[in-house]
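When reading the values below, keep in mind they use all heavy atoms of this one structure, side chains included, and skip hydrogens, waters and symmetry mates. We name chains A, B, ... by the order of the sequence lines, and we start the count at 1 in each one. Note that this is a predicted model, so its numbers are computed, not measured.
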Amino acid sequence: MKRALVVFLALMAVMYLAPAAVSIGFAAGNDTATVESPEAGAPAAHNGAPEPESALGQELPLWTVLPFAGILLSIALFPLAAPHFWHRHFPKISAAWALIFALPFLFVYKGEALHEILHIYIVDYIPFIILLWALFVISGGIYVKGALKGSPAVNCVIMLIGTILASWIGTTGASMLLIRPIIRSNAWRKNKVHTVVFFIFLVSNIGGTLTPLGDPPLFLGFLHGVPFFWTMKILPEMLTAAGILLALYFIIDSFYYRREDKSAMTMEKSAISIEGGVNFLLLGGVVCGVLFSGLYQTKLGELNILGVHQNTANLIKDAILIFMGLLSLWITKKEIRKANEFSWFPIMEVAYLFAGIFMTIIPALAILKAGEHGALAFLVKAVETPAHYFWATGTLSSFLDNAPTYLTFFNSQLGKFYSGMPEAAAVAKLIVDKVPYLAAVSAGAVFMGANTYIGNAPNFMVKSIAEESGIAMPSFFGYMFKYSIPILIPIFIILTLIFF
Amino acid sequence: MAKQYSEVVFEGHHGNIRGFIEGFIAGSGKEMSFFFSDRAGVKAETISDIIKEWISLSNKIHHVIMESELLNSIKKSLENLDESDVLSRPSIKSVKAIKAASFRFKFATYGKKYGDEIKNLLDKLPGGLSMKDYAPVEKVNEDAKGVELYSPAHDYSFEGSGVITGPVDEAIAFRKALDDHPLVDVTVIDLEF
């Protein structure tokens, strides 16, 4: 644990703080090139002064996105086809895909390539990992103790709490927090697979819609200039989907509950209690830190880190997040983390894999930003209406990780509507003039991650915990054909008809 | 000596047949067993049989597994009954003596506790039954301990499948014991005549 912590902090220090590596130049707070966001809580897109859009996106051929497709397909297929091989070697596979792209890219484009790589790591990857690390550490310090009756009403209440919490502590955090209590409460029941499946639908996916803390794709949107509370615009879509799912779950669970042998309920009911509740305050600190970075984005100047502009407010936000995480590690009893089976492995997985994803996504984003002038012009032209964006983002998010998928379609909108415009200005217009389009991409990425086990990271985690607790979870296709296609797809069609 | 069982196909109302057999056993004062095939998980009808039954619109056909002593007694008493003795008496369409019964099972579990439960269940295989094609694989992988997000792998797994063969009454009872475990899947019982 200590070694992982040291590695993490060392990485942050090298990238952010080492004086020899960082050339610091304070820019004026009212830098004319910085685009002020029209809404409170919005970071200026791409942090401070926008760098001129290069012609890179117009030059790169389509095949340069193959390593990006390769790493996403590796994440999707290896856990199903060769889980133990993947478990042992995923860092090497991630690194291999990253190098397959990076080496020729650096060889051909030299300084420009180096700048693009540094830019995506400093502006996207490191803040992304810091947020996930902080949420992971803090939510891993909260333990929900006790077990309830496991009746339909109790299960619905647990799922409702999880759905609400997911937007504030992340879908992974909410899933980690509540999956074991709900399994414990239903341990005596024979029919409980549907409970875990609906938990994946609601807590591991749809619940994370309302803030950038909820799901990684939305945080990437936040890092690119979408205001913190902008995602609240998806509240009607989220309420509709969650409302239908909860009602449906109650009906299905009531049906199965009537068939249960109640005499099997031998476990002792014990009131639910929360240990490590102080971590909720630290989660509040994380929310404040993220909000702060949005509110003070243009007021505190910026730093030039290896030639990449990074707003001081963002660095302060990252420092706050790291501080909150460290505080959680310091004040939370070890027993609580042990009860949660807390380990560093999940966050290391995210760090390794997203290091590869962010490297390989560079050409895809550049090409998409070039809009109809880039090699993905056919995609930019083909996806036209909000409904198209909802289903295109959603379908890809069902099978590939939803964070890069969101970023891909987010950039495709920038390329389509504001090609050639600096990102900061384009995002500022997108969030005002094209609300249904961005809402469709956001909802598609978050909601449809529930369509398969591989759509969103917590899905696999919940499946794995349920299986180790003696629940016979459906196979990959069983999950799709028995649950997600018959239940979720009709709901998404309803959402399309109403909202998109 | 093991009891001999037959598959008896009755035509009539399910309630009447059940009531008739249960009443018969109660009246005889003996302990005799029978099973309705559909409730006991025994394969009884082929799809073509079901279609034929639907097309003919005849009374429902019921397959009942019963021991020979009970069958012989019922046959004899039915022969002695006049048409007017009962309002709706069941009629026997066919009788086939059962030589053996078999079913397949399979399981996969990722918790040691549940692996031990399944091992205990299989260890209690009744004497008359035999198990074949059973080669379970139990793996412990300490590296995979803990929670994963993107590279899920279980630190423990116990998987297996096999075929249980033997007398039909024991096969029915053992199949139910396995089926009651949420991590064990069983097929319907095939009868050999």
Side-chain angles (χ1 to χ4, degrees), chain A residues 74-76 78-80 82-91 93-94 132 136 140 172 175-176 179-180 189-193 261 264 340-350 352-354 357 401 453-454 456-473 475, chain B residues 38-41 103-124 134 136-162 173-188:
Chain A
S74 300
I75 292 169
F78 271 115
L80 300 171
H84 286 283
F85 172 81
W86 176 243
H87 187 84
R88 274 196 299 275
H89 301 296
F90 70 88
I93 295 169
S94 174
L132 293 184
F136 178 77
T172 303
S175 300
M176 261 174 53
I179 185 59
R180 288 193 178 90
R189 290 182 57 174
K190 196 171 179 186
N191 301 293
K192 49 202 172 195
V193 173
D261 174 12
N340 269 335
E341 293 183 33
F342 181 91
S343 81
W344 290 109
F345 193 80
I347 201 67
M348 299 302 272
E349 284 177 290
V350 174
Y352 283 129
L353 289 174
F354 275 84
I357 288 173
D401 192 80
Y453 283 137
I454 56 179
N456 199 15
N459 302 2
F460 255 144
M461 181 188 75
V462 168
K463 174 183 183 275
S464 187
I465 290 173
E467 283 177 336
E468 287 173 12
S469 304
I471 298 173
M473 290 299 289
S475 65
Chain B
D38 54 351
R39 311 282 165 98
F103 65 92
R104 295 191 69 84
F105 66 93
K106 66 173 180 178
F107 60 83
T109 180
Y110 306 100
K112 178 100 176 63
K113 179 187 162 192
Y114 306 100
D116 291 343
E117 280 178 11
I118 292 169
K119 280 181 200 167
N120 285 339
L121 263 177
L122 293 173
D123 284 346
K124 288 177 190 157
Y134 180 57
V137 179
E138 189 174 30
K139 285 182 190 165
V140 178
N141 181 3
E142 288 295 331
D143 290 347
K145 216 171 175 67
V147 173
E148 303 97 351
L149 284 171
Y150 287 94
S151 62
H154 296 291
D155 60 326
Y156 173 86
S157 68
F158 181 48
E159 297 176 22
S161 64
F174 194 60
R175 179 187 176 277
K176 185 178 181 315
L178 291 181
D179 195 29
D180 282 345
H181 196 287
L183 297 175
V184 183
D185 286 330
V186 290
T187 62
V188 290

Do you know which of B/Pro152, B/Pro182, B/Gly115 has the most heavy-atom pairs under 4.5 Å to chain A? B/Pro152
What part of B/Tyr114 is in contact with chain A, defined as an atom under 4.5 angstrom from a non-hydrogen atom: side chain, backbone, both or neither? side chain
Do A/His89 and A/Phe78 have side chains that approach each other closer than 4.5 Å (heavy atoms only, starting at C-beta)? no
With a 4.5 Å cut-off on heavy-atom pairs, point out which of A/Pro83, A/Pro79, A/Pro346 contacts chain B the most. A/Pro346
Could you look at A/Thr172 and say if it's the side chain, the backbone, both or neither that has a heavy atom under 4.5 Å from chain B? side chain
Side chain / backbone / both / neither for A/Ile471 at chain B, heavy atoms under 4.5 Å: backbone
Could you tell me how the ring of B/Phe174 sits relative to the ring of B/Phe103: parallel (under 30°), tilted (30 to 60°) or perpendicular (over 60°)? tilted
Is there a salt bridge (charged side-chain N to carboxylate O under 4.0 Å, His left out) between B/Asp116 and B/Lys112 once you walk through the steps? CA-CA 6 Å; B/Asp116 291 343; B/Lys112 178 100 176 63; 3.2 Å; yes
So which part of A/Phe136 gets closer than 4.5 Å to some heavy atom of chain B, the side chain, the backbone, both or neither? neither
Which atoms of B/Asp185 come close to chain A, meaning under 4.5 Å heavy atom to heavy atom: side chain ones, backbone ones, both, or neither? neither
If you compare all heavy atoms of B/Asn141 against all heavy atoms of A/His84, which two are closest, and at what distance to 0.1 Å? ND2-ND1, 2.9 Å
Output for pair (B/Leu178 CG, B/Leu183 CG), nearest 0.5 Å, gives 12.0 Å
Heavy-atom side-chain proximity of A/Leu353 to B/Leu149 below 4.5 angstrom: no
